[in-house]
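The chains referred to below are lettered A, B, ... by the order of the sequence lines, with proteins before strands, and numbering in each begins at 1. A quick note: this is a predicted structure, and the numbers were derived from the prediction, not measured.
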Amino acid sequence: MKNFYITTPIYYVNDRPHIGHSYTTIAADVHARYHRLRGESVLLCTGTDEHGQKVALSAEAQGIQPQEFVDEVAGSFQQMWQRLHIDYDRFIRTTDPAHMATVQHVFSQLRESDDIYLGEYEGWYCVPCETYLTEAELTDGCCPECERQVEQVTEQAYFFRTSAYADRLIEHIESHPQFIQPKSRRNEVLSFIKEGLRDACVSRNRMEWDIPVPDDESQSIYVWFDALINYLSQVGYPDELDEFDKWWPPQIQLLGKDILTRFHATLWPAMLMALDLPIPEMLFAHGWWITDTGDKISKSKGNVLDPYEVSQELAEISGATTAVAVDSLRYFLLREVTFGLDGSFSRQALLSRFNADLANDLGNLLNRTLPLAERYLNGVIPEPGPGAGELRDEIERIRTQVEQEITQSNFSVALMGIWELLASANKFLDTRAPWTLHKESKQVELEAVLYDVLDCIRVVAIMIGPFMPKVSDEMWQQLGLQSAGIEKSWDDCCALELPSGITVAPGRPIFPRVDIKRAMDRLRADSKEQPEPAAADMISIDEFEKVELCVGTIVEAHRIPGADKLLRLVVDMGEADTRQIVAGIAQQFNPRELLEVQVVVVANLELATIHGVESHGMILAAGANEPEALVITDSKCPPGTIIR
RNA sequence: GGCGGAGUAGCUCAGUUGGUUAGAGCGCGCGGUUCAUACCCGCGUAGUCGGGGGUUCGAAUCCCUCCUCCGCUACCA
């Protein structure tokens, strides 16, 4: 039996499950269900990424323990997947002891093989200038500013030798055209690698809520290193070798385009090369959903969509069951947009697909055929008879197409194919007009025609199963196949496999048609009743207060060798030590004229390293692109004065 | 700044290695039908294939150039 192993990324628990996570996971579920229908042994893995300082801080903000916090969020992901009919096999959490052991094992092993080494983050330090310098910045081994001797600093961290694998990565990507999909992403990755890879720093100063580096209590393992290894620990690496050998490597790893280049397409395969393990067969990076006004859907914009809420809203508007509405959303997400490209989400588009594709084409076909069977055949599926099988070629053609397209993750094209088959069935019914045959008492022909259409609906029910599992079940039920105990199998996607003698069981329309105009009016009215507090671009006073602005006095200003736009400023902010800040103002301002100037500093901006120099803040300047004027105080203030 | 992708009917998009009148779905218009969820079936509508130039017997498809949008990347913190 063939084995099929597919993964989604594990989702960071700092966020609630939204449409982006759901999109990836639904797509993975489609693959998994398809392969199960083919009788293969399938492993679909997903999970949550639960380490990192952000998690600890979020927990603290809610006044609960980190463990309590991650349990809660991991639970909300599991609940969402259940609600969206996602039939995953394993749900891994990076706080699982087994996973943590695997991460430490891998770390130790790579350290032993010298793929991970202890290095210095900054390299060189000029004491008088208080500056960290990289090898490339030194002039004759001395500080480029003061030309004095520099010292090597011993701020240690662990590095993974990504750079050592650059050539092998390029070779692998070029010789495996299927490895990175879609093709445009593959080009991006190649050019990224060819520009030169830097070794990845895979440890951080020890934090409580992290995995410690083995035998080094001062360091924690970097969350990305931790997270990527989930794909290995899911399948029992390194201890359960039988299990591991059964599944490794994954056939498909699905992910969003944002985490392809730096992590899944470089660090990850390089780690596997270092471990001497086979590389996954395919990484597929899909696009993002944006709103119909073109905005990215994000937490900060407050336009995050909860897919279950959207489904419930659709259920309410249409009168469909929640299960059918969920499947309709699944259909929409995979049909509306080419997998790999960005797509825009709107209620209008969802309702339009619901009516045009689901209610009119699919639902109506079922709903016109079953009553015919009841009326003319007493609801009993007849023998195919000699005239039956007229849709055989069409079924055969579509089946082949759908198989190819699903394998290539071309879900929208696969669905278009199934809808071609539906159109053929609708047309066939019209052309052969069983109601006329009945009037003319052509019973044999009548039975053949109805048999063919019912048979075709059966095939469609199987083929949409991966996309809309509950709708598929409902169709199976109405065809009477459920009660007859017939199992669905992809192999039965061919003509004349419908067993005769079964009694059909028509139900209420699965997809009740929506009056889109009225529905949209209602939705608009609803959204007026509870006015969204904010035009998406506005922020609250609370959000503003997160930004810490202070007065700072520039006490030193230096050019940075090799960087013609940057100045390295040393700023007195009334703190025990001065701060080093990098600013992109070298083309507008001379270092000398900046001395003693009091500027506005964003004090709580996270650390950034620009051109190899650390920057502990940002100074404010006017000008959208180029800095035109510095924001300064109009009279002398003590350094560190709060601005608000 | 560098690299890459895209600009095709009102809307969303297909268009393989250049080859006869440029396609689909939705929408819209007309007709048919009545088994069905005002559905289904048929017919039709429209596009100087981003602008300009070039190669060719022939280009949406190849080359050059310009414009617009997007992605990645970089000395925008």
Pair A/Glu390 + A/Arg432, salt bridge at N-O below 4.0 Å = yes
query = Base, sugar-phosphate, or nothing: which does A/Asn355 touch, judged by heavy atoms less than 4.0 Å apart?
reply = nothing
query = A/Asn367 has a side chain; which of B/A36, B/U34, B/C41 sits nearest to it?
reply = B/A36
key: Reference residue A/Met468; test side-chain contact (heavy atoms from CB on, under 4.5 Å); the match among A/Val326, A/Val324, A/Leu362   = A/Leu362
ask   = Between B/G25 and B/C41, how far is it from one P atom to the other, in whole Å?
value = 10 Å
ask   = With sequence neighbours excluded, what pairs up with A/Ser409 under the side-chain hydrogen bond (donor to acceptor under 3.5 Å, both in side chains) test?
value = A/His31
request  = Look at the side chain of A/Ala423 and decide which nucleotide, out of B/C41, B/A14, B/C3, has an atom nearest to it.
outcome  = B/C41
ask   = Closest to the A/Ile581 side chain: B/A77, B/U37, B/C40?
value = B/A77
Rounded distance in Å between the P positions of B/C13 and B/A6 = 14 Å
query = So does A/Asp572 pair up with A/Arg579, basic N to acidic O under 4.0 Å?
reply = no
query = Base, sugar-phosphate, or nothing: which does A/Val582 touch, judged by heavy atoms less than 4.0 Å apart?
reply = sugar-phosphate
request  = Using heavy atoms to find the nearest nucleotide of RNA chain B for A/Ala359 and A/Leu422 separately, return the residue whose nucleotide is more 5′.
outcome  = A/Ala359
task = May I ask you to check whether A/Gln478 and A/Glu474 show a side-chain donor-acceptor distance below 3.5 Å?
result = yes
query = Does the side chain of A/Asp199 come under 3.5 Å of the side chain of A/Ser163 through a donor N or O and an acceptor N or O?
reply = yes
request  = Using the criterion of both pairing distances under 3.5 Å for Watson-Crick and G-U wobble pairs, give all stems of 3 or more consecutive pairs involving RNA chain B.
outcome  = B:1-7 with B:67-73, B:10-13 with B:23-26, B:28-32 with B:40-44, B:50-54 with B:62-66
